[in-house]
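Comments concern the structure below.
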Amino acid sequence: MQAETERDADPRRAGLIYFIRNLGPGLITGAADDDPSGISTYSVAGTTTGLSTLWLALLTTPMMAVIQGMCARIGLVSGLGLAAMIRKTCPAWLAYTLAAIVIIANTFNVGADIAGMAGSANLVIGIPVIVWVLIFGAVLILSQIFFSYRMLSKVIKYLTIALLAYVVTAFVVHPNWWTVLKHLFVPEIQLNGHWITTVMGVLGTTITPYLFFWQASLVVEEEKLLGRNLSGRRGATEREIRDTHSDVNAGMIYSNLIMFFIIVTTATTLGAHGRHDITSAQDAARALRPLAGNFAYLLFALGMVGTGLLAIPALSGSSAYVVAETFALRTGLDQPIRKARQFYAVILVGMILGILMNLIHVDPIKALFWSAVLNGVAAVPIIVAIVIIANNQSIMGRWKSSLLANIWGWFTVALMGVAAISLFVFWNQQ
């Protein structure tokens, strides 16, 4: 205990350099939220509804920070991933049902994201899309199966820089920043089917179940990497909790800033010029070229490739954690293949199915739709479980959620419930 206190008081554990070094699971998870499918959703939001959805970034940032913070804290305090905690605290039928829905949604999302990466790479280098699908699929499979967790986490952490392409693009197109700030801080609500559908799509792609499981499991992986014995772990030091929340908050702010800049870019260029026929980020990149030039076009397209390399391991990896933790199998990217065959088999099968979706020409827009529907169905009960677990005194001890966190947590449950219902009621209505 004295060693922990001395470590927490270490002056080297403060300042900008320490903050940057501390970034890990939270930053990776936040950046993984801006996957190719998410970028397509934000692009469509900007082109078809202008800046009217920009204020959502101020709403989703604390929502994500609170829920992801709960997930991270659960993993840190208990030494178990979220799926394992749901299995321990919820009825078996509910745990299995939620696991199945999340895995199916992740698989659809993997297929849509590979399609997004391949389509974007084709815009830059005219190799056929199907060849890019096979190249990206092979690279992602090999890296997830044969890279150690230490190496994979470092590579993914550096890939988060790819999202800055969308920040640069926003400044390249020279928006009217006064108008942008006005829409950011003054909420605009339109009572029509298309706008409501767009808002629900933005919420659904921003607060998604795979992030919850990925966050908690990465925290556990980090603890293993530090050589800590997680068997029967209970509790955490104040510094560990503070560092974890700092990492999570940074990741969620970063994630929502990227959403903000993508909407700004597409709304002030494509939307302002009447290009409302955009259905994907690839369409947005093509349409940007005559309006904003080759540089903006290349940044927008290449950003999709980088985000796919970052996000797809989160999707397939979270499926593997869900399966392994739900059925009490050996789990972890730190494990060699021979010791966690089922875990790596889930990653492999999910990736192969995502690749096959592209080889048999499954419409990526439809895949994204079904992923959104399944995530919408699963998100609400999973968030309810997260809030309840994070308030369980016997599990969390002194680190159970604060009153403010609970208010935001239950508000998120209510809003995502409305989003799930509205997704069915208003989808594709004009």
Side-chain angles (χ1 to χ4, degrees), residues 31-32 34-48 108-140 159-175 205 258-259 261-313 315 354-355 357-369 371:
D34 294 317
D35 65 334
S37 298
I39 292 169
S40 293
T41 300
Y42 304 144
S43 299
V44 171
T47 55
T48 60
F108 278 122
N109 220 332
V110 166
D113 282 356
I114 291 175
M117 292 173 65
S120 296
N122 172 260
L123 294 178
V124 180
I125 301 176
I127 296 175
V129 169
I130 202 67
V131 176
W132 281 119
V133 166
L134 295 173
I135 291 173
F136 289 136
V139 168
L140 287 163
L159 280 172
T160 62
I161 297 172
L163 290 171
L164 293 177
Y166 296 106
V167 179
V168 176
T169 306
F171 284 94
V172 168
V173 302
H174 301 295
T205 199
I258 301 306
M259 176 181 79
F261 283 114
I262 292 171
I263 292 176
V264 167
T265 298
T266 53
T268 57
T269 53
L270 309 182
H273 287 82
R275 291 297 308 271
H276 303 312
D277 56 340
I278 304 300
T279 61
S280 68
Q282 290 79 27
D283 291 344
R286 292 190 195 94
L288 271 175
R289 195 170 201 170
L291 296 174
N294 284 330
F295 187 52
Y297 161 79
L298 287 171
L299 281 174
F300 210 89
L302 289 174
M304 286 276 285
V305 176
T307 59
L309 292 172
L310 162 70
I312 290 176
L315 286 159
I355 293 168
M357 285 171 56
N358 287 273
L359 295 182
I360 63 176
H361 304 293
V362 172
D363 186 342
I365 304 300
K366 289 184 179 179
L368 183 58
F369 164 74
S371 175

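Predicted model only: the values in this text are computed from it and were never measured. Atoms considered below: every heavy atom in the structure, side chains included; atoms not considered: hydrogens, waters and symmetry mates.
In plain terms, the two heavy atoms of A32 and A311 that are nearest each other are O-CB, 3.5 Å. Taking both residues in full, the closest heavy atoms of G303 and A165 are given as CA-CB, 4.3 Å, listed atom of the first, atom of the second, then distance. Nearest approach of N358 to G111, heavy atoms of both residues: ND2-O, 3.1 Å. In terms of heavy atoms, T48 sits closest to V44 at OG1-O, 2.6 Å. Summarising the geometry of T307 relative to A162, their closest heavy-atom pair is N-CB, 4.5 Å, with the distance given to 0.1 Å. The heavy-atom pair separating L310 from P313 by the smallest distance is O-CD, 3.6 Å.
Classified by interplanar angle (parallel below 30°, tilted 30° to 60°, perpendicular above 60°), the ring pair F300/Y166 is perpendicular.
Judged as a ring pair (Phe, Tyr, Trp, His ring centres under 6.0 Å), the pairs with a partner in residues 110-132 (not counting sequence neighbours) are, in order, W132-F136.
Side-chain contact between I312 and M117 is present, with heavy atoms from C-beta onward closer than 4.5 Å. Residues D34 and Y42 meet the side-chain proximity criterion, which asks for heavy atoms closer than 4.5 Å.
Remark: L359 pairs with I130, L134, I355, L356 by the side chain to side chain contact (heavy atoms under 4.5 Å, CB included) rule, at least two apart or across chains. In this structure, the side-chain hydrogen bond (donor to acceptor under 3.5 Å, both in side chains) partners of N109, at least two apart in sequence or on a different chain, are S37, S371.
Here CG of L163 is found 13.0 Å from CE of M259. Values are rounded to the nearest 0.5 Å. Taking CZ of F261 as the start and OG1 of T266 as the end, the distance is 13.0 Å to the nearest 0.5 Å. Considering CD1 of I262 and OG1 of T47, their distance stands at 12.0 Å, rounded to 0.5 Å.
Distance alone, capped at 3.5 Å, places no donor-acceptor pair between the D35 side chain and the G308 backbone.
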